[in-house]
Amino acid sequence: MYILVSRTGTRSLRVRGLGALGAPDETDLTLTVAEFREFAAEREVLLPRWVWNDTASVYPLLLSGGVRVRRAHDLRLCHAILRLSEATAGSALANAPTSDWDAASPVTVAQETGATLFDLDLGSATAASPSGDDLSEFKAQLDAVAAAAEPGRLRLLLAAESVGALIAAEMQFAGLPWRSAIHDRLLTAELGARVAPGLRPARLEELADRIRSALGESTLNPDSPPELLRALNRAGVATASTRAWELEKIDHPVIEPLLRYKKLARLLSNNGWFWMESWIVQDRFHPEYLPGGVVTGRWATRGGGALQLPHQVRGAVVADPGWTFVVADAAQLEPRILAALSADTAMATAGRGVDLYAGIVASGVVETRAHAKVAMLGAMYGATSGESGRLLPRLARAYPRALAMTEAAARAGERGDVVSTRLGRSSPRPGPAWHDDQGRATEAGATAADERRARSQARDWGRFTRNFIVQGSAAEWALCWMAEIRKGLWDLSGTDGTGQAGHGAGQALTNPFQNAPHLVFFLHDEVIVHTPAELSDRVSAVVTAAAETAGRLLFGDFPVDFPLTCVVVDSYADAK
DNA sequence: TCTGCATGCAGC
DNA sequence: ACGCTGCATGCAGA
């Protein structure tokens with residue numbers, strides 16, 4: 001059962017029943033959020049799929065009214081997938097002229113209204129985006145999927161992408177518990193007492209002085225890389241850059257204070273007091289998640305650098321009193337994805353235990369875990385030189401199917417061809433400039449430089465497509481994992497007697513997560529669930545079972561494991 | 001003064 | 001000459 005939902009105003013929604021699409025439903029109503037809550041509750045037993053243009057534009061409004069939904073279809077995100085997918089290349093949708101359904105990025109409520117990310121009041125929100133005819137777009141999408149060779153995979157992908165959008169909105173709404181007081185103590189311990197913006201805290205000032213005296217430059221600003229580089233060279237330090245990993249190799253009295261300075265200066269500028277005041281509201285961090293924000297299907301984020309939370313500050317992520325975190329991450333996800341994608345049973349066997357790299361060592365392929373890791377990463381990223389490059393032939397002998405698959409993806413990219421993930425997300429084609437450069441290199445008057453340039457760009461694109469199939473399929477696994485976690489938590493909170501929470505669309509709470517375990521963070525292959533402490537065992541079981549289900553959804557009976565490290569902690573810093 | 005680019009580094 | 005990101009900062013050019 002499908003129900004189309006569109007925003008008609010700041011707080012009103014139009015709902016149109018589509019029945020099962022062959023048998024149209026006459027429902028066509030304009031509802032307030034409160035009325036929508038009742039409407040949705042009445043239909044919940046029918047497991048409706050709510051179809052809307054843009055989750056980021058509609059769902060926050062529902063959440064602010066205390067409404068959660070189980071299933072959705074995000075037309076914007078699904079359009080983006082179907083437009084590019086090889087599996088739907090012949091469809092009317094893929095061949096239509098570009099429209100605002102192809103707009104590059106979501107228009108969020110915050111952007112529409114100029115509201116801050118935390119202002120969930122939605123004051124003067126305007127129409128949703130994109131604004132195209134949702135019903136005909138939905139039909140075009142269903143047609144495109146139905147005509148695909150393996151519609152099941154695409155259906156799974158679209159469902160996973162759409163539930164991902166629900167989860168993204170819910171996580172932004174709920175926020176990651178973040179204790180400003182702890183963060184402040186942590187910063188003070190590292191940097192010294194807080195000082196006015198523009199000044200250096202004591203620890204940083206001391207280090208700057210030590211750097212200046214070690215270099216004999218009393219006015220040096222260590223925050224300016226060019227200035228620092230010149231000073232280093234003048235002092236006889238032979239380096240071409242000021243990168244930390246270059247400086248580490250050098251033996252000179254300035255190096256130790258300089259490296260410490262860089263580390264602390266970065267903490268201050270990226271996650272210092274200013275960051276804290278900008279992003280932490282009532283002990284919650286509310287980054288905006290952007291499902292499908294990366295071409296591979298990974299999520300991007302906006303605001304607060306949520307993809308780069310340094311380990312240094314994770315101690316400030318502490319569960320509420322009486323609550324705890326279940327923190328889980330998939331162990332060596334990408335190599336396992338590659339093993340399954342390529343049906344490389346030898347590599348899958350190496351991954352039978354919790355440590356795939358140890359399994360590779362145990363099989364006698366390489367001597368150390370570090371070698372196994374660097375070799376695998378090299379295979380997936382396209383390394384050609386260094387230790388990684390040297391180890392690749394051994395990996396290729398042990399795992400010919402897996403390595404053949406990454407090689408084939410790279411060759412396809414070098415030709416300018418498209419590659420696809422397990423569920424059917426396809427890579428973009430290289431742009432006209434890329435083709436121009438390739439063409440120029442084959443013309444009569446091509447110079448050596450033309451050829452070098454073309455070859456280099458072809459290899460660049462090959463490394464991109466090589467990685468695309470693995471990173472993109474891993475992103476699909478992660479979406480399925482989270483979708484199953486969400487489903488498990490939903491059912492858990494509805495049956496455990498903790499009270500009113502959990503029955504989504506029908507509940508009367510303002511905050512739908514107030515009493516129920518819920519996802520609060522996601523980062524590629526890692527999730528955090530915030531849960532009442534007494535449910536942590538059951539939440540862990542849900543998270544673990546979800547990983548197994550995700551593996552089956554993507555790879556059926558192929559014998560590949562996706563083990564997790566899953567811990568129950570009060571602070572994120574204790575997770576690993 | 002504003003904007004875009006380069007550098008450097010945090011995460012996976 | 002090893003994939004995908006986001007963000008702060010300094011700096012050059014408009």
Side-chain angles (χ1 to χ4, degrees), chain A residues 197-198 221-230 239-248 258-259 261-272 274-275 278-279 287-290 292-314 329-335 337-338 373-392 406 409-410 413 419 421 425 427-428 452-453 455-475 477-478 521-527 572 575-576:
Chain A
N221 171 17
D223 294 320
S224 167
E227 208 181 306
L228 181 59
L229 183 60
R230 283 192 298 270
T239 180
S241 84
T242 64
R243 294 183 185 94
W245 57 90
E246 301 281 355
L247 299 177
E248 274 166 14
L258 180 53
L259 290 176
Y261 180 91
K262 279 173 160 285
K263 196 86 180 165
L264 291 182
R266 186 162 187 86
L267 172 63
L268 175 64
S269 76
N270 278 40
N271 297 96
F274 184 74
W275 178 91
S278 305
W279 297 108
E288 183 180 7
Y289 297 90
L290 304 173
V294 180
V295 277
T296 57
R298 273 188 176 181
W299 290 14
T301 65
R302 206 154 45 192
L307 296 186
Q308 317 133 248
L309 290 181
H311 290 91
Q312 279 167 301
V313 298
R314 295 186 181 185
D329 79 287
Q332 307 94 38
L333 176 58
E334 293 195 348
I337 290 290
L338 174 58
K373 183 173 181 176
V374 75
M376 272 307 315
L377 293 176
M380 295 183 297
Y381 294 163
T384 54
S385 61
E387 191 164 56
S388 185
R390 275 190 289 105
L391 292 167
L392 278 181
T406 57
V419 298
T421 59
R425 192 188 308 261
S427 63
R452 232 181 359 256
R453 180 182 174 76
R455 211 163 27 237
S456 157
Q457 295 202 352
R459 285 190 189 133
D460 287 349
W461 200 261
R463 283 194 301 278
F464 165 63
T465 52
R466 171 199 295 273
N467 187 247
F468 183 96
I469 60 169
V470 178
Q471 187 182 116
S473 300
W477 181 91
F521 193 64
F522 167 60
L523 186 57
H524 307 318
D525 61 358
E526 172 178 9
V527 298
Y572 190 20
K576 59 181 172 188

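Chain letters run A, B, ... following the sequence lines, proteins first and then strands; every chain starts at 1.
- One finds no side-chain N or O of A/Thr296 lying less than 4.0 angstrom from the OP1 or OP2 phosphate oxygen of C/dG3.
- As a whole-Å value, the separation of A/Gln308 CD from C/dC4 C1' is 12 Å.
- Comparing B/dC12, C/dT5, C/dC2 against the side chain of A/Arg314 picks out B/dC12 as the nearest.
- Not one side-chain nitrogen or oxygen of A/His524 sits closer than 4.0 Å to the OP1 or OP2 atom of B/dG11.
- Whole-Å rounding puts the A/Tyr381 OH to C/dC4 P distance at 10 Å.
- The residue from A/Thr296, A/Thr465, A/Asn467, A/Ile469 that alone fulfils the side chain to side chain contact (heavy atoms under 4.5 Å, CB included) condition with A/Ser427 is A/Thr465.
- In this structure, A/Leu333 atom CG and C/dC4 atom C1' are separated by 14 Å, rounded to whole Å.
- Nearest heavy atom pair, residue A/Trp275 against residue A/Gly304, reads NE1-O, 2.9 Å.
- In this structure, A/Arg463 does not reach the C/dC2 phosphate: none of its side-chain N or O atoms is under 4.0 Å from OP1 or OP2.
- Whole-Å rounding puts the A/Asn271 CG to B/dG11 C1' distance at 11 Å.
- Residue contacts for A/Thr301: at a heavy-atom cut-off of 4.0 Å it reaches the sugar-phosphate backbone alone, with no base atom in range.
- Annotation: salt bridge (charged side-chain N to carboxylate O under 4.0 Å, His left out) contacts of A/Arg298 (sequence neighbours excluded): A/Glu334.
- Taking the side chain of A/Thr384 as heavy atoms from C-beta on, and the options B/dG11, C/dC2, C/dG3, the nearest nucleotide is C/dC2.
- The side chain of A/Leu307 lies closest to C/dT5, out of C/dT5, C/dC2, B/dC12.
- Dashed line: the shortest gap from a side-chain N or O of A/Lys263 to OP1 or OP2 of B/dA10 is under 4.0 Å.
- A/Gln312 contributes atom CD, which lies 4.5 Å from atom CG of A/Leu267 (distance to the nearest 0.5 angstrom).
- As rounded to whole Å, 13 Å separates atom C1' of C/dC4 from atom CG of A/Asp525.
- One interatomic measurement links the two molecules: CD of A/Gln471 to C1' of B/dG11, which rounds to 12 Å at whole-angstrom precision.
- Residue-level contact check: A/Gly304 touches the backbone only, with heavy atoms under 4.0 Å from sugar-phosphate atoms and none from bases.
- The main-chain N or O of A/Phe274 is found under 3.5 Å from a side-chain atom of A/Ser278 such that the two form a donor-acceptor pair.
- Per the geometry, CG belonging to A/Leu338 stands 17 Å off P belonging to C/dG3, to the nearest Å.
- Nucleic acid contact for A/Arg452: none, since no nucleic acid atom lies under 4.0 Å from a heavy atom of the residue.
- Considering only residues two or more places apart in sequence or on other chains, A/Arg453 meets the side chain to side chain donor-acceptor pair (under 3.5 Å) condition with A/Asp437.
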Legend entry - Contact letters for nucleotides 2-8 of chain B, in which S counts primed atoms plus P, OP1 and OP2 and B counts the base, heavy atoms under 4.0 Å: ------B
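- Rounded to whole Å, atom C1' of C/dG6 lies 13 Å from atom CZ of A/Arg298.
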Inset, instruction - Would you please test A/Tyr289 and A/Phe521 for side chain to side chain contact (heavy atoms under 4.5 Å, CB included) and show each step? - result: CA-CA 10 Å; A/Tyr289 297 90; A/Phe521 193 64; 3.2 Å; yes
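- Here the side chain of A/Lys576 pairs no donor or acceptor atom with the backbone of A/Asp329 at under 3.5 angstrom.
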